[in-house]
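These values consider heavy atoms only, across backbone and side chains, with no hydrogens, waters or symmetry-generated copies.
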Amino acid sequence: MDIDYVLVEGDLNRLKTYVESLEKDYHINITKQPFIGLTMIKTHDSVEHQPFYLGEALITETEVSIKDKVGLGICIGDQPTRSYCAAVIDAAMQLEDDKLPEIMDFLQKESFDISEREKEHNYQIQKTKVDFKLMEQS
């Protein structure tokens with residue numbers, strides 16, 4: 001399971017609700033308020049196999065601390081809530097306390113929901129494909 005992918009692609013309302021439940025258990029200190037910035041998108045040239053920068057992407061970044069652990073949340077676009085939630089989960093996971101299995105369970109359920117949503121999306125796309133061989137036979 002790719003935790004970062006789950007945090008940026010999961011349902012924002014469920015993520016926010018879950019993080020609100022964590023706020024009851026932890027004292028969360030926001031060390032850097034959500035802020036918008038730009039980052040360069042690095043990729044590789046497929047011919048010369050040299051790295052190059054494709055362009056800039058708008059990101060939102062937040063940093064929090066829980067006890068002595070620092071959590072960082074970064075996501076594409078103007079998404080301060082998602083960025084904050086990702087930072088809280090990052091810090092909480094680093095504590096490796098009795099909440100870790102609960103956090104992992106939440107992330108696993110979100111991962112499953114994302115997978116199901118992507119399967120349904122792909123199924124809908126497949127229904128619209130045209131088989132050109134069948135068109136030639138007409």
Determine whether [X] and [Y] make a side-chain contact, defined as any pair of heavy atoms from C-beta on separated by less than 4.5 Å.
X	Y	result
Glu63	Val70	yes
Ile36	Ile59	no
His44	His49	no
Ile30	Gln33	yes
Arg82	Leu15	yes
Tyr5	Ile114	yes
Asp98	Leu100	no
Met93	Ile3	yes

- Task: Go through the structure and list residues passing side-chain hydrogen bond (donor to acceptor under 3.5 Å, both in side chains) with Lys109, not counting sequence neighbours.
- Result: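 Applying side-chain hydrogen bond (donor to acceptor under 3.5 Å, both in side chains) to Lys109 gives Asp105.
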
- Which heavy-atom pair separates Gly73 from Ala87 by the least distance, and what is that distance?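 Gly73 and Ala87 have their closest heavy atoms at N-CB, 3.5 Å.
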
- Message: To check you understand the geometry: which heavy-atom pair defines the closest contact between Pro51 and Lys42, and what is its length?
- Response: CB-CE, 3.6 Å

[X]: which residues meet the side-chain contact (heavy atoms from CB on, under 4.5 Å) condition with it, sequence neighbours left out?
X	result
Thr81	Leu12, Lys16, Cys85
Lys24	none
Pro101	none
Asn29	Thr31, Ser65

Mind checking the [atom1]-[atom2] spacing from [X] to [Y]? Nearest 0.5 Å is all I need.
X	Y	atom1	atom2	answer
Glu9	Asp2	CD	CG	10.5 Å
Gln94	Asp68	CD	CG	9.0 Å
Leu7	Asp90	CG	CG	8.5 Å
Ile76	Leu58	CD1	CG	8.5 Å

- Message: Heavy-atom count check: over 12 atoms from other residues, nucleotides or ligands less than 6.0 Å from Phe112 CZ?
- Response: no

List in chain and number order the residues that pass salt bridge (charged side-chain N to carboxylate O under 4.0 Å, His left out) with [X], two or more places apart in sequence or in another chain; answer none if no residue qualifies.
X	result
Glu102	Lys99
Glu96	none
Asp113	Arg14

- Measure from the side-chain N and O atoms of Ser83 to the backbone N and O of Gln79, and report whether any donor-acceptor pair falls under 3.5 Å.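 Not confirmed, Ser83 side chain does not pair with Gln79 backbone.
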
- Same cluster (ILVMFWY, side-chain, under 4.5 Å), Ile66 and Leu22: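 Same hydrophobic cluster.
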
- Message: With a 4.5 Å cut-off on side-chain heavy-atom distances among I, L, V, M, F, W and Y, is there a chain of contacts connecting Val88 to Leu107?
- Response: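 Linked, Val88 and Leu107 end up in one cluster.
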
- Task: Tell me, with the steps shown, if Arg117 and Glu120 meet salt bridge (charged side-chain N to carboxylate O under 4.0 Å, His left out).
- Result: CA-CA 5 Å; Arg117 187 175 67 228; Glu120 177 61 26; over 6 Å; no

- Item | Candidate pair Thr60 and Ile74, rule side chain to side chain contact (heavy atoms under 4.5 Å, CB included), full reasoning | CA-CA 6 Å; Thr60 305; Ile74 301 173; over 6 Å; no

- All pairs passing ring pair (Phe, Tyr, Trp, His ring centres under 6.0 Å) where residues 80-103 contributes a residue, at least two apart: none

- Item | Worked check of side chain to side chain contact (heavy atoms under 4.5 Å, CB included) between Met104 and Met1 | CA-CA 10 Å; Met104 293 305 294; Met1 169 179 57; 3.6 Å; yes

- Under 3.5 Å side-chain donor-acceptor pair for Tyr18 and Asp11: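 Side-chain D/A pair, Tyr18 to Asp11: absent.
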
Who clusters with [X]? Use side-chain heavy atoms, under 4.5 angstrom, across I, L, V, M, F, W and Y, and order the result by chain and number.
X	value
Tyr123	none
Tyr53	Met40
Phe52	Ile41, Leu54

- Item | CA sep, side-chain torsions, deciding dist, call: Leu72, Thr62, side chain to side chain contact (heavy atoms under 4.5 Å, CB included) | CA-CA 6 Å; Leu72 186 61; Thr62 306; over 6 Å; no

